Amino acid sequence: MPELPEVEAVRRSLQPVMEGGRIERVVLRRPDLRAPFPRRFASRVAGQTVRTVNRRGKYLLVELSSGDTLVMHLGMSGSFRVAIVGDERDSLVHDHVVFRMASGATITFNDPRRFGSMQLLSREDLPRHQTLARLGPEPLDREFDGAALARACRRKKTSLKAALSDQRVVAGLGNIYVCEALHRARLLPRRRAGSIATGAGAPRETAHRLAAAIKKVINDALAGAAAEQSDRESASGATRFRVYDREGRRCLRAGCRGIVRRIVQSGRATFFCPVCQK
DNA sequence: CCCACGACCTGCTGGC
DNA sequence: TGCCAGCAGGTCGTGG
């Protein structure tokens, strides 16, 4: 479930095991994920100490003592399993990469669809990574606000759904949280993105409302992802989303009696309430 | 440049 | 019950 909140939960699970520790061994159990592993990938990572485990948008950035950075993306179906010493289990289908730490802990990357990616970038190459370099602001940063969002959407003829899904506009949202944020902001996914920048009457009120909704949705999801780690109950909670995957059911906004609709935009499902979203 | 669309992969679901 | 089409939360390349 890898949008920003889920990737951040993964980062938090990796950090205590990796940061400050030495990666003793890297096992590649197949030659590629989305792309082939580069030559000497495993040997360039093995032996390195992990300086930091960071996140940018949906990317995980593991900075190594050599100066190289391991840039990882979970794609649609990627996940990490952490096992401390004595806790190892048999490997599963689609376990593609195993990192063994000097502590004895193992970190296993599993990815059935193989849309995930791992790259190793030198200090010089990291800033040249085209996708990373063009990533928009982190939604929870101060610099991301209504004005920034309005600027990024200005003159965009595409839909709000497509604009918010564009990682260059804001980093880390995916199909689910885009639907959730637009519902919270009471904006129709099909509405033209540029229209939020030209708020006639109440200048930019719409953009501010949308930026605030994005922050709220991401914050709540981060809290939910944290709770999921400790509390098993909330993991199965089917009520985590207020519109996503709720086609045909009642809108959950207080006082709204709309029925959630599902449409397809640029090939992906969009869920919205036709009554309270304008 | 901007935008929509299909491709990349496997697994699960729901309808027949 | 069994089978198969359709769908899945992301990104990238292409072509208009």
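Order of the sequence lines fixes the chain letters, A, B, ..., with proteins taken first and strands second; residue numbering starts at 1 for each chain. Every heavy atom of this structure was used, including side-chain atoms; hydrogens, water molecules and symmetry mates were not. Everything numeric here is computed off the predicted structure, so don't read it as measured data.
For B:dC9, the OP1/OP2 oxygens have no side-chain nitrogen or oxygen of A:Ser77 closer than 4.0 Å. Contact annotation: A:Lys156 reaches the phosphate of B:dC3 (side-chain N/O to OP1 or OP2, under 4.0 Å). When the side-chain nitrogen and oxygen atoms of A:Gln167 are compared with OP1 and OP2 of C:dG10, none of them lie within a distance under 4.0 Å.
A salt bridge is absent between A:Arg184 and A:Glu180: the closest approach of a Lys/Arg side-chain nitrogen to an acidic carboxylate oxygen does not fall below 4.0 angstrom. Comment: A:Arg30 engages A:Asp32 in a salt bridge, judged by a side-chain N to carboxylate O separation of less than 4.0 angstrom. Between A:Arg186 and A:Glu205 there is no salt bridge, since no side-chain nitrogen of the basic residue lies less than 4.0 Å from a carboxylate oxygen of the acidic one. At a threshold of 4.0 Å, the pair A:Arg55-A:Glu138 counts as salt-bridged, since one of the basic side-chain nitrogens sits closer than that to a carboxylate oxygen. With salt bridges taken as basic N to acidic carboxylate O contacts below 4.0 Å, none links A:Arg240 and A:Asp220.
Scanning for side chain to side chain contact (heavy atoms under 4.5 Å, CB included) contacts around A:Ala102 gives A:Arg22, A:Glu24, with sequence neighbours left out. By the ring-ring contact (aromatic ring centres under 6.0 Å, His included) test, A:Phe271 is found to be paired with A:Tyr244, residues two or more places apart in sequence or in another chain being considered. Annotation: salt bridge (Lys or Arg N to Asp or Glu O under 4.0 Å) contacts of A:Arg123 (sequence neighbours excluded): none. With sequence neighbours excluded, no residue satisfies ring-ring contact (aromatic ring centres under 6.0 Å, His included) with A:Phe144.
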Solution key, residues 147-163 of chain A side-chain donor-acceptor pairs under 3.5 Å, sequence neighbours excluded:
{"from": "A:Ser159", "atom 1": "OG", "to": "A:Ala162", "atom 2": "N", "distance (Å)": "3.1"}
{"from": "A:Lys161", "atom 1": "NZ", "to": "A:Asn175", "atom 2": "OD1", "distance (Å)": "2.7"}
{"from": "A:Lys161", "atom 1": "NZ", "to": "A:Ala269", "atom 2": "O", "distance (Å)": "3.3"}
{"from": "A:Lys161", "atom 1": "NZ", "to": "A:Thr270", "atom 2": "OG1", "distance (Å)": "2.8"}

Protein-nucleic acid N or O pairs under 3.5 Å, nucleotides 12-16 of chain C:
{"from": "C:dC12", "atom 1": "OP1", "to": "A:Thr131", "atom 2": "OG1", "distance (Å)": "3.3"}
{"from": "C:dC12", "atom 1": "OP2", "to": "A:Thr131", "atom 2": "OG1", "distance (Å)": "3.2"}

Heteroatom pairs (N/O) under 3.5 angstrom, protein to nucleotides 11-16 of chain B:
{"from": "B:dG11", "atom 1": "OP1", "to": "A:His94", "atom 2": "NE2", "distance (Å)": "2.5"}

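When each of C:dA8, B:dC3, C:dT11 is scored by its nearest atom to the side-chain atoms of A:Tyr244, the top-ranked nucleotide is C:dA8. Comparing B:dC3, C:dT11, C:dA8 by their nearest atom to the side chain of A:Lys58 picks out C:dT11.
Rounded to whole angstrom, the span from the CG atom of A:Leu74 across to the P atom of B:dC8 amounts to 22 Å. Rounded to whole angstrom, the span from the CG atom of A:Asp111 across to the P atom of C:dA8 amounts to 18 Å. Atom CE of A:Met76 is separated from atom P of B:dC9 by 14 Å (rounded to the nearest Å). If you take CG of A:Asp166 and C1' of B:dC2, they are 10 Å apart, rounded to a whole angstrom. The interatomic distance linking A:Asp245 (CG) with C:dG6 (C1') rounds to 14 Å, in whole Å. Computed from coordinates, the A:Leu60 CG to C:dT11 P distance equals 12 Å when rounded to whole Å. Between the C1' atom of C:dG10 and the NZ atom of A:Lys161 lies a distance of 12 Å, rounded to the nearest Å.
Under a 3.5 Å cut-off, the side chain of A:Gln277 and the backbone N or O of A:Leu187 do form a donor-acceptor pair.
Mapping A:Arg134 and A:Ala162 onto DNA chain B via the closest heavy atom, the residue that lands nearer the 5' end is A:Arg134.
For the pair A:Leu210/A:Thr206, no side-chain contact is recorded, criterion being any heavy-atom separation below 4.5 Å from C-beta on.
The distance from the OG1 atom of A:Thr131 to the CD atom of A:Gln167 is 10.0 Å, given to the nearest 0.5 Å.
Of the N and O atoms on the side chains of A:Ser43 and A:Arg40, at least one donor lies less than 3.5 Å from an acceptor on the other residue. Remark: the A:Glu63 side chain and the A:Thr52 side chain contain an N/O donor-acceptor pair separated by less than 3.5 Å.
The neighbour count for A:Arg25 CZ, taken as heavy atoms of other residues, nucleotides or ligands under 6.0 Å away, does not exceed 12.
Consecutive pairing runs in DNA chain B reach the stem threshold at B:2-8 with C:10-16, B:10-16 with C:2-8, where a stem means at least three Watson-Crick or G-U wobble pairs with distances under 3.5 Å.
Across residues 184-194 of chain A, not one residue has a non-hydrogen atom less than 4.0 Å from an atom of DNA chain C. DNA chain C is contacted by A:Arg262, A:Arg268, A:Ala269 of residues 260-273 of chain A, taking any non-hydrogen atom closer than 4.0 Å. Within residues 114-122 of chain A, the residues that place at least one heavy atom under 4.0 Å from DNA chain C are, in residue-number order, A:Phe115.
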Point to revise | CA sep, side-chain torsions, deciding dist, call: A:Ser77, A:Asp111, side chain to side chain donor-acceptor pair (under 3.5 Å) | key: CA-CA 5 Å; A:Ser77 58; A:Asp111 186 4; 2.5 Å; yes
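For B:dC9 and C:dC3, the P atoms lie 26 Å apart once the distance is rounded to whole Å. Nucleotides B:dG11 and C:dT1, compared at atom P, are 23 Å apart to the nearest Å.
The other members of the hydrophobic cluster of A:Leu121, by chain and number, are A:Tyr59, A:Leu61, A:Val71, A:Leu126, A:Leu132, A:Leu135 (side-chain heavy atoms under 4.5 Å, ILVMFWY only).
Ring pair A:Phe80/A:Phe109 is tilted by interplanar angle, where 30° to 60° counts as tilted.
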